[in-house]
Visitor: 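First the structure, which I've put down as structure tokens, then a few questions once you've had a look.
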Protein chains: 2
Amino acid sequence: MSNTDFRLTPQRKIILEELMETDTHLTAAEVYEIVRARLPRISLGTVYRNLETLSQLGMIQKLEVGGTQKRFDGKTNIHYHVRCLSCGRVDDAPIEPQTALEEAIEGLTDYEIIGHRLEFVGLCLKCGKKPGGEARTRA
Amino acid sequence: MSNTDFRLTPQRKIILEELMETDTHLTAAEVYEIVRARLPRISLGTVYRNLETLSQLGMIQKLEVGGTQKRFDGKTNIHYHVRCLSCGRVDDAPIEPQTALEEAIEGLTDYEIIGHRLEFVGLCLKCGKKPGGEARTRA
DNA sequence: TCAATATTAGTAATGATAATTATTATTGAA
DNA sequence: TTCAATAATAATTATCATTACTAATATTGA
Ligand SMILES: [Mn+2]
Ligand SMILES: [Mn+2]
Ligand SMILES: [Zn+2]
Ligand SMILES: [Zn+2]
């Protein structure tokens with residue numbers, strides 16, 4: 001019984017491919033829409049299940065950014081994000097991980113610190129400039 | 001027509017009081033349970049509606065921490081948090097807001113930066129020490 | 001070849017939160 | 001005071017994201 005019984009099914013392969021070749025941090029629903037163009041019979045449940053599996057295996061990253069939906073990242077290294085308060089768009093933040101932050105709280109709390117999450121919020125190019133922009137979504 | 005038609009109803013007063021005198025960053029469901037001890041007829045919808053209203057007015061803060069539930073904070077000043085990966089507990093992080101972070105990305109992105117959120121994650125005293133601790137909850 | 005195992009599509013269930021609605025409470029002008 | 005306008009409530013229903021279940025299909029390796 002090989003312990004490596006992870007099968008790279010067509011569904012998983014395509015989900016991975018689509019996540020790799022985009023930098024927009026898709027939601028599960030967005031992944032579903034995109035993958036459906038290539039695999040019309042895939043089900044939303046399969047997308048959720050595999051996004052979970054793949055992130056569990058460290059092949060992708062599940063992001064807990066603000067807002068109501070989780071987002072998924074083809075990049076697995078530690079990095080920060082910027083989120084648009086208006087349209088929800090999430091981009092990578094061009095700033096290196098600040099290890100100093102964890103050193104700063106070390107010992108000041110009862111917690112055993114494992115990591116940290118830093119998210120910048122603001123308005124993306126599209127939403128920020130012109131008055132109005134896109135409809136403001138909640139959260 | 002006075003524009004200040006916010007009424008400090010008993011429901012709102014008690015929700016506020018309970019949020020003020022705790023430092024544990026309650027979820028809506030937890031607020032509901034606690035307030036119910038004093039106002040047994042209050043409805044969960046009222047709790048949600050007023051938590052939203054109060055945070056809209058800047059009287060409390062709605063926190064978008066990791067996990068599945070929003071949490072509410074009686075403190076309205078900007079500060080960071082530590083969250084336990086095991087039990088979900090959220091405490092204030094004893095570290096000052098780092099304005100330098102926003103200065104660091106300023107100009108490096110297309111975004112108009114408005115703010116940032118920093119959350120440390122780890123294991124609280126109760127969950128971290130003894131092997132086992134509480135049952136690990138998801139997210 | 002074939003039984004064990006993994007994965008799927010489809011659907012139902014769950015959990016958090018928001019919207020609706022009919023009723024009650026408060027306000028301020030007549 | 002009285003009463004119409006407004007605000008807020010309790011109760012209920014709806015929505016949205018996500019997870020669980022289930023029966024069918026696919027893959028694996030002895
Ligand atoms: Mn990213
Ligand atoms: Mn706090
Ligand atoms: Zn935007
Ligand atoms: Zn804990």
Side-chain angles (χ1 to χ4, degrees), chain A residues 1-16 25-57 59-72 88 90 135-139, chain B residues 1-16 25-57 59-72 88 90 135-139:
Chain A
M1 37 41 180
S2 73
N3 203 9
T4 333
D5 43 13
F6 167 83
R7 299 180 185 169
L8 190 59
T9 62
Q11 291 86 342
R12 285 172 179 171
K13 188 158 179 296
I14 291 176
I15 288 172
L16 263 176
H25 306 89
L26 303 168
T27 65
E30 287 167 347
V31 171
Y32 177 54
E33 277 314 312
I34 290 172
V35 168
R36 229 154 35 132
R38 298 173 61 188
L39 271 184
R41 308 263 321 156
I42 198 173
S43 82
L44 180 56
T46 297
V47 171
Y48 269 105
R49 180 169 16 82
N50 284 329
L51 287 172
E52 182 62 34
T53 302
L54 293 171
S55 69
Q56 218 72 54
L57 293 174
M59 303 173 74
I60 64 174
Q61 229 186 318
K62 189 202 286 201
L63 301 184
E64 292 203 320
V65 291
T68 51
Q69 285 158 285
K70 301 268 191 305
R71 288 178 179 269
F72 296 87
V90 173
R136 179 76 58 115
T137 63
R138 50 209 126 297
Chain B
M1 36 47 174
S2 76
N3 202 9
T4 332
D5 42 15
F6 166 83
R7 299 181 186 170
L8 189 58
T9 63
Q11 290 86 343
R12 286 173 178 170
K13 188 159 179 294
I14 290 176
I15 288 172
L16 263 176
H25 306 90
L26 302 168
T27 65
E30 287 167 346
V31 171
Y32 177 53
E33 275 314 312
I34 291 172
V35 168
R36 234 165 18 143
R38 299 173 59 188
L39 270 184
R41 308 265 316 158
I42 199 171
S43 81
L44 180 56
T46 297
V47 171
Y48 270 105
R49 179 169 16 83
N50 285 329
L51 287 172
E52 182 62 34
T53 303
L54 293 171
S55 69
Q56 218 73 53
L57 293 174
M59 302 173 75
I60 65 174
Q61 239 188 124
K62 189 202 286 200
L63 302 183
E64 293 203 320
V65 290
T68 50
Q69 285 159 286
K70 300 269 190 305
R71 286 178 180 269
F72 297 87
V90 173
R136 177 77 56 119
T137 65
R138 50 209 125 296

Visitor: Please list, chain by chain and in numerical order, all residues satisfying side-chain contact (heavy atoms from CB on, under 4.5 Å) with A/Leu57, sequence neighbours excluded.
Guide: A/Phe6, A/Thr53, A/Met59
Visitor: Could you pull out all residues at least two apart from A/Lys13 that satisfy side-chain contact (heavy atoms from CB on, under 4.5 Å)?
Guide: A/Leu8, A/Glu17
Visitor: Tell me the interatomic distance from A/Leu54, atom CG, to C/dT7, atom P, rounded to whole angstroms.
Guide: 11 Å
Visitor: Rounded to whole angstrom units, what separation is found between the CD1 atom of B/Ile14 and the P atom of D/dT9?
Guide: 11 Å
Visitor: Who are the side chain to side chain donor-acceptor pair (under 3.5 Å) partners of A/Glu52, not counting sequence neighbours?
Guide: A/Lys62
Visitor: Any protein N or O atoms within reach of nucleotides 24-26 of chain C? Criterion: under 3.5 Å, listing atom names and distances.
Guide:
unit_1	atom_1	unit_2	atom_2	d
C/dT26	O4'	B/Arg7	NH1	3.4

Visitor: With sequence neighbours left out, write down each residue that passes side-chain contact (heavy atoms from CB on, under 4.5 Å) with A/Gln11, or none if nothing qualifies.
Guide: A/Thr9, A/Leu39, A/Ile42, A/Thr46, A/Asn50
Visitor: Could you state the atom-to-atom distance from NZ of B/Lys70 to P of D/dC16 in whole Å?
Guide: 15 Å
Visitor: Just how far, in rounded Å, is P of C/dT17 from CD of A/Gln69?
Guide: 14 Å
Visitor: Apply salt bridge (charged side-chain N to carboxylate O under 4.0 Å, His left out) to A/Arg36 and list each qualifying residue two or more places apart in sequence or on a separate chain.
Guide: A/Glu33
Visitor: Could you check which of C/dA18, D/dA17, D/dA7 has an atom nearest any side-chain atom of B/Lys62?
Guide: C/dA18
Visitor: What distance do B/Leu16 atom CG and B/Leu54 atom CG have between them, rounded to the nearest 0.5 Å?
Guide: 4.5 Å
Visitor: Taking atom P of C/dA6 as reference, at what distance in whole Å does atom NZ of A/Lys13 sit?
Guide: 23 Å
Visitor: Return the set of residues passing salt bridge (charged side-chain N to carboxylate O under 4.0 Å, His left out) with B/Arg12 (not counting sequence neighbours), or none when no residue passes.
Guide: none
Visitor: Can you check the B/Phe72 CZ to C/dT17 C1' distance for me, whole Å?
Guide: 10 Å
Visitor: Which of these nucleotides, C/dT8, D/dT18, C/dT17, is closest to any side-chain atom of A/Arg12?
Guide: C/dT8
Visitor: In whole angstrom, give the distance that lies between atom CD of B/Gln11 and atom P of D/dA11.
Guide: 11 Å
Visitor: From the list D/dT19, D/dA17, D/dA7, which nucleotide is the closest neighbour of the side chain of A/Thr68?
Guide: D/dA17
Visitor: In residues 36-52 of chain B, which ones come under 4.0 Å of DNA chain D, going by heavy atoms?
Guide: B/Arg41, B/Ile42, B/Ser43, B/Thr46, B/Arg49, B/Asn50
Visitor: Quickly work out the B/Leu57 CG to D/dA8 C1' distance and round it to whole Å.
Guide: 14 Å
Visitor: Within the pair B/Thr9 and D/dT9, is there a side-chain N or O less than 4.0 Å away from OP1 or OP2?
Guide: yes
Visitor: Within this structure, what is the CG-CD1 distance for the pair A/Leu26 and A/Ile34, rounded to the nearest 0.5 Å?
Guide: 4.5 Å
Visitor: Kindly write out the residues that satisfy side-chain contact (heavy atoms from CB on, under 4.5 Å) with B/Leu44, not counting sequence neighbours, or none if the list is empty.
Guide: B/Tyr32, B/Tyr48
